**Student:** 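First the structure, which I've put down as structure tokens, then a few questions once you've had a look.
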Number of protein chains: 6
Amino acid sequence: MKVVTLGEILLRLTPPFGTPLSDAESLSVRFGGSEANVAVALAGFGEETAHITAFPKNAVGQAAENNLKKFGVDTRFAVRVQGRMGLYYYEQGASLRAGRVVYDRLDSAFSKTPAVAYRLSDALEGARHLHLSGITPALGTNAAELCRIALQEAKERGLTTSFDLNYRADLWSPEEAARAFCALFPYVDLCIASSDGVSLVGVENGGRDPAACRRAAESLKEKYGFSAVALTVRESVSASFNRLSGVLLGKEFSVSPTLSVDIVDRVGGGDAFAAGLIHALLNGFSEADAVAFATACNAYKHTLFGDTMSASEAEIFNVLRGDTRIRR
Amino acid sequence: MKVVTLGEILLRLTPPFGTPLSDAESLSVRFGGSEANVAVALAGFGEETAHITAFPKNAVGQAAENNLKKFGVDTRFAVRVQGRMGLYYYEQGASLRAGRVVYDRLDSAFSKTPAVAYRLSDALEGARHLHLSGITPALGTNAAELCRIALQEAKERGLTTSFDLNYRADLWSPEEAARAFCALFPYVDLCIASSDGVSLVGVENGGRDPAACRRAAESLKEKYGFSAVALTVRESVSASFNRLSGVLLGKEFSVSPTLSVDIVDRVGGGDAFAAGLIHALLNGFSEADAVAFATACNAYKHTLFGDTMSASEAEIFNVLRGDTRIRR
Amino acid sequence: MKVVTLGEILLRLTPPFGTPLSDAESLSVRFGGSEANVAVALAGFGEETAHITAFPKNAVGQAAENNLKKFGVDTRFAVRVQGRMGLYYYEQGASLRAGRVVYDRLDSAFSKTPAVAYRLSDALEGARHLHLSGITPALGTNAAELCRIALQEAKERGLTTSFDLNYRADLWSPEEAARAFCALFPYVDLCIASSDGVSLVGVENGGRDPAACRRAAESLKEKYGFSAVALTVRESVSASFNRLSGVLLGKEFSVSPTLSVDIVDRVGGGDAFAAGLIHALLNGFSEADAVAFATACNAYKHTLFGDTMSASEAEIFNVLRGDTRIRR
Amino acid sequence: MKVVTLGEILLRLTPPFGTPLSDAESLSVRFGGSEANVAVALAGFGEETAHITAFPKNAVGQAAENNLKKFGVDTRFAVRVQGRMGLYYYEQGASLRAGRVVYDRLDSAFSKTPAVAYRLSDALEGARHLHLSGITPALGTNAAELCRIALQEAKERGLTTSFDLNYRADLWSPEEAARAFCALFPYVDLCIASSDGVSLVGVENGGRDPAACRRAAESLKEKYGFSAVALTVRESVSASFNRLSGVLLGKEFSVSPTLSVDIVDRVGGGDAFAAGLIHALLNGFSEADAVAFATACNAYKHTLFGDTMSASEAEIFNVLRGDTRIRR
Amino acid sequence: MKVVTLGEILLRLTPPFGTPLSDAESLSVRFGGSEANVAVALAGFGEETAHITAFPKNAVGQAAENNLKKFGVDTRFAVRVQGRMGLYYYEQGASLRAGRVVYDRLDSAFSKTPAVAYRLSDALEGARHLHLSGITPALGTNAAELCRIALQEAKERGLTTSFDLNYRADLWSPEEAARAFCALFPYVDLCIASSDGVSLVGVENGGRDPAACRRAAESLKEKYGFSAVALTVRESVSASFNRLSGVLLGKEFSVSPTLSVDIVDRVGGGDAFAAGLIHALLNGFSEADAVAFATACNAYKHTLFGDTMSASEAEIFNVLRGDTRIRR
Amino acid sequence: MKVVTLGEILLRLTPPFGTPLSDAESLSVRFGGSEANVAVALAGFGEETAHITAFPKNAVGQAAENNLKKFGVDTRFAVRVQGRMGLYYYEQGASLRAGRVVYDRLDSAFSKTPAVAYRLSDALEGARHLHLSGITPALGTNAAELCRIALQEAKERGLTTSFDLNYRADLWSPEEAARAFCALFPYVDLCIASSDGVSLVGVENGGRDPAACRRAAESLKEKYGFSAVALTVRESVSASFNRLSGVLLGKEFSVSPTLSVDIVDRVGGGDAFAAGLIHALLNGFSEADAVAFATACNAYKHTLFGDTMSASEAEIFNVLRGDTRIRR
């Protein structure tokens, strides 16, 4: 009962906290990618996961693959190709100074690999769920084609599918994104988005108001025929402090508790939310429990350095209980 | 007018902040132990202190001993024995993710050293106060025996004594602990505990309510005949932010101010409280001043990395004045 | 249309966060000096800047000079002399533990260099503004003489001038400082001070009350004939959290918004304020916009490690907009 | 055509180079174990490998498992049990100061796990080769039993087997070791040892003389009926510089080139030799090429920090060609 | 009397010594580029230098520019353009393990900037010498064009010129390189190459034999009409130990002493040689002294981490005197 | 049977290996001083030692004192005074690049403390040996006076005394040093010097020739009436590799073995030699064994980072046996 994810992995280079990128003497190495982050978190919950991607055939690509394997993600369906590793620099924000990402991902090995290079059928064989995000179709025609084929084959094979909008303004225009997303929506069961990212696909922003989020989710569900819609809600009080919640509209409508989080690392929270949600729904949580669990994953991720989390269910439940006493 | 402390010292291994223990590439080295932490803080206040313990005869034991000497704690009454250094891994919490301790202290050199190996009489000769904690009797029959003999001899020699309950659930059951503690109480003058740890010895928890804490302290004092009882009160708002206070019931009942603290390191606050209290009482502070000073020590410790603090009286008074402007 | 600054540069040695200076195994290297910090920030905004100082003729002096050049500050008018680099140790505060500076700057190369050693005329040739601070006259007769000559020549050449009171109690008495400052005031156009530092020169403290700050600024302006007076206002809620604002009395009286800042580094905020103010006034901002911009610089600097900031105007405007979402 | 290895994994804690363990403020984290090191190196060469061990059910055990997975070693046949992670401290030598290991591995989770806890049949199913070392039987009756059963079952299933003597004086006496080894030898095809470690099992040391090594190998082969014997030869010129070679007696007798190596990390060279030899023999290298390849692995490992290497065949061939020019 | 250099600057990312790139958790940040390295070293000798390049308009480009300015290189003639920073990963070799560079420089901002974007005339105005290397024409038509125009204009303005062959096999074929180089040679006065790199342009390798090097230099000089030819000679005993020398054929033929060097960093030695040679020849050193000085620069650079050196003449003379006693 | 040492302690700030001081972003913290280094090494051998010095009354002085206490040196006879901590920057050499010290020790707290501030009688009470070095009289009249009084009182109390010439050219002229040394020699029993440092006091350099060293030692002994003379001999092959030996002329003449050492840290070797010699002579080693032990200490120190060593006798004997195999 495997979950398959598909997407690019980037090398993330982060200067020390409080040091601008322009003045850094060392950079920490992490690897991340929206869909791979989901795979890592799912593996942490004990799900069998496999990630489909293309690794450059060099030591940096090897490092990226090793990183996935370390967290228990199956990389057998990834391909190894000539080319460069996409990367990004991440300057952490603090207080009233916003964090900043400098992308250097153009012409990456992944973006240049044609869809036919992958053994999609092997990867999806016996799987239960496929997860994609809106970053992948933005990476060019190869990647967009790969998304389409993978979603189609997943549906043909009876997998459930999820898609996280994840619009990236540096990669394409809102119009291009909307067109591409809408082409994929027919194959998507669960649609995930940020509450203020839904306007891209013609739905009024949910903002931070649960009722508006409900309307947004209902519009999305109706307009595109999703079986479920989940929205993340974020109040950026400062770069160091956010309030997080989420809503899920499936058979019913559920709102998660709002969690206040002192931020250790701002990146990857949405992916943790997606992973928590997928895990919860695959394992029979109620919808209310599922969105609460997903939101706790979102918050929990913010307390860890790097793009990914790999925690047990028990640790997430502990967050929901609000128990922050030291455990010994 | 020396203070003597007795107990095990552990190597503490801490991954970088924000990195899970399971993903750490380096660990910082600190040494700690409830009673040794008290000794270090007392030495910082200018008290002459000696710590009784057993160091493994290897480079790690040497490191532990050097660490005590560095802070001015006399180690002449420690013994050096074959065996392993007990240790613990400490994953710092952040925000709504709780911190976590993984102990690896079984079969340590200290726990295997019989009471007769120590020169207790030499150590207590000329001393004024002996401090122990409830961790030591939990470490097996050798250590429990050592506690009993040390407390007895201290009382025979006219020292005052203090005992910090410090129940550790990973080491023994509540019932075992209660039995062991009660056997030692007759030799204890000052009993220190957390407000919600007193139920172990048959007294209703004080929680965070001063009146309930007073009742708990009075019950303890009456039931076990202590000359004074001090309780620490902690509100764990999050792993990054706590509110701390304390009460002291001696000749009168005093409540400290409540101090809000952004947490740099969660471990060792209770020991700093004990050290502050002992220092204050040995130096003629009023009871109200003593518990305020002790609580400020507790809070101050939370702003320093590691298990121990070594600050001057002046620095603690500065905390109580609430002056946080940079000093230059 | 160059800005010239003048003053000593110190090596700053900082232990890791949470580690006392007395227990540090490594120290980070930064360079700072009130006026040089202003120059660095101005260069960040694209101003042409030159800094007048004396560097020791050794590798540490070279490092200090390289550091200024790195940020685009012209060092052609600095001299290189035999002698030692002044330095300071900076123990960062946290929460209710105040930060602490240990100075070791006596007999520095700068303080021993006579005013005649500098080519002041060359440095001021073609410049538009000169900035000094009250630290320099405190460094002895050479430095005091240098301040006087530089301000006189600046006024003769028609430059505007600014002076930041910056009283340092470890360097001289309030009486000495007041006498020295008053001797320089006739050459000063823009006077900058902290709201509670003005009593030094015979004006009632402004504290945190805008009305009182207005009265203080008005008194200063009237008493000493400044064309403008700016005061920084700081509420030290804790060593980790401050509230910052500022007032400017020029042709009108303006109060900045109050910015709440989680502190990454407490040093250099006032210099960032000065730089922001000078930049704003030189570039035709309204007075209200200028003091808001300056206050945002003050706050922004607190989010960066080290004494200096080097940010673009756009980044400061972003702070004023309160947008702390991650930018990608 | 999988290779299976079996043995304990230890956490290795290493102070910075040039700093004594007794004075270290941080320790780097690596994981190692003679047999697991072999598995990692084999995986690096592209062999399918699986490692049988017991991981403690805590974050440290998780880290150890993640470390194996990262390098592509299959951990499905490992068990997860209550207990502690064995560990060792490694103080690197330099020049005329010898390196030093402080073990803390008693009562580890692995040593306490009974042989029946493992699914040996599943692990060996379809495998081609089993590798063990003499450390495992030294870890107590559980581990010794596990060795015996594993070797027996391997032979029954038709696997080839290898055994690296690896005598550890801190774990048992030479007599105990000899007895235990001899009991296992009937199931061993390829015996690996250091040239001066063979006296333990009644054969005259080979030292550094090829002829003597040949005699030692011949005696071993004859005495215990091995199909092949390989000996590593080391000249410890200093802790920073060694000369390494090896001999292999199979169908013929081969001596490797002698490689001079500046040592970056002294640990794990023998395991790299074993891995290189197993890889070479499984892949049809000539015996002369096999022992040369194995010796190059030994030397190569010494240039990398940590217990393990993960290099491609091509990199090892490059060592044998003696080409040390930078590759770009 | 300025020296102008022209070429791309790359971000260099280096894992810790002894750690493979595929296993690194942090990367040190340095900047380098063959010609910029020459500029930095020349600035260290007190030469006025300016570097012509294109920086990406982002924080990484800013860091690269700041790095040049720090060492006193004038960046006024550099342009700032949209695009990515080229970079390379550098895995340091050790002993018999060769170092390795993984380039990721395709489609860099520099390579995409057309020659017309630069103000070459302004940059060369008043300059005395222009230095280029064979890397630049390899970066595409823009860069090749830039080389040609710059050399032409330099000759028209009466500057002397130098060109370091620096063939990079990952960028183009030997045939392409030879063709490009030969097109530029008419504008080159001083040709610099490695003794075994000259075969590229139709001359027999000099290898490590001075007589053969002389023949190679003579052939080059004659064939292409250079006024002087310098060859670097390297014996790669191991990745940690090299022997370095050089020859110079100008009016006479000179051979430098051979210097043995324990390698701290393998990159940038040839650039240091070029800088030393240019500095020596511009400052009237004899040819014999010049090639000795250049070789000492080459060796000196190998003792410093990073691509660049910035040392005084006195430090290089000290190397030639062979005085390695600590200076205090 | 205590050994007393006397002298200044300096903060040592060291950039990372391979990084010039002018480019360092962090500095490691160590403390050293010729005589304190001797005390630390002696304490490591189990000698009771006390060090007489003046610590600044601030956190840096506290760190220096803690450092001595950590290694077991008694600091009760040190005084705590207002003033600055002397310090030095140490740029490590490598290969043919010499190491370099930048002193910043003028006007230190120690140099400004008058001799009467110390309780010399208490410190020397019951002691057996006093060790000084030629650095102390160079630090001004206070320190010179302190040396004279301490040596006089030591001789009056019947202690043996040793004096290490340790001429520092940055502190005074050879003539001043010679005059000061000769005034102290009447109170010195054991004179220690480098073989090429003796010309300062009118004796022909011993260089690296044992016979010449013997003549130098004989001249010294005869001329100044020492009971014994020891000379260290160093061949600086490179900054990374030295050959070390020593001679001792007491009742007989002994030459140590010559030890080759790859240098981890160049500072403090002479102090280790002195400590080894004092320990050996106080503990009845033969003169030949003493100078061999002292030379092994010298070499051993070079393998450790920092100014000091703290090793057991057994570790030094191991060096003399030449056994550099890893110990486990």
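Predicted model only: the values in this text are computed from it and were never measured. Below, chains carry the letters A, B, ... as their sequence lines are ordered, and counting in each starts from 1.
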**Student:** About how many Å separate CG of D:Leu11 and CG of B:Asp104, when rounded to the nearest 0.5 Å?
**Tutor:** 9.5 Å
**Student:** Would you sort out whether D:Leu13 and B:Leu13 count as a side chain to side chain contact (heavy atoms under 4.5 Å, CB included), showing the intermediate values?
**Tutor:** CA-CA 10 Å; D:Leu13 298 170; B:Leu13 298 170; 3.8 Å; yes
**Student:** Starting from the C-alpha separation in whole Å, work towards a yes-or-no answer on side chain to side chain contact (heavy atoms under 4.5 Å, CB included) for D:Asn66 and B:Asp23.
**Tutor:** CA-CA 8 Å; D:Asn66 287 3; B:Asp23 202 26; 5.7 Å; no
**Student:** Most heavy-atom pairs under 4.5 angstrom with chain B, which of D:Asp107, D:Val102, D:Thr14, D:Val60?
**Tutor:** D:Val60
**Student:** Are there residues of residues 77-96 of chain D whose heavy atoms fall under 4.5 Å of chain B's heavy atoms? If so, which?
**Tutor:** D:Arg84, D:Met85, D:Leu87, D:Tyr89
**Student:** Check B:Leu21 against D:Ala63 and note the closest heavy-atom contact, atom names and distance.
**Tutor:** O-CB, 4.2 Å
**Student:** Considering only heavy atoms, which portion of D:Leu106 lies under 4.5 Å from any heavy atom of chain B: side chain, backbone, both, or neither?
**Tutor:** neither
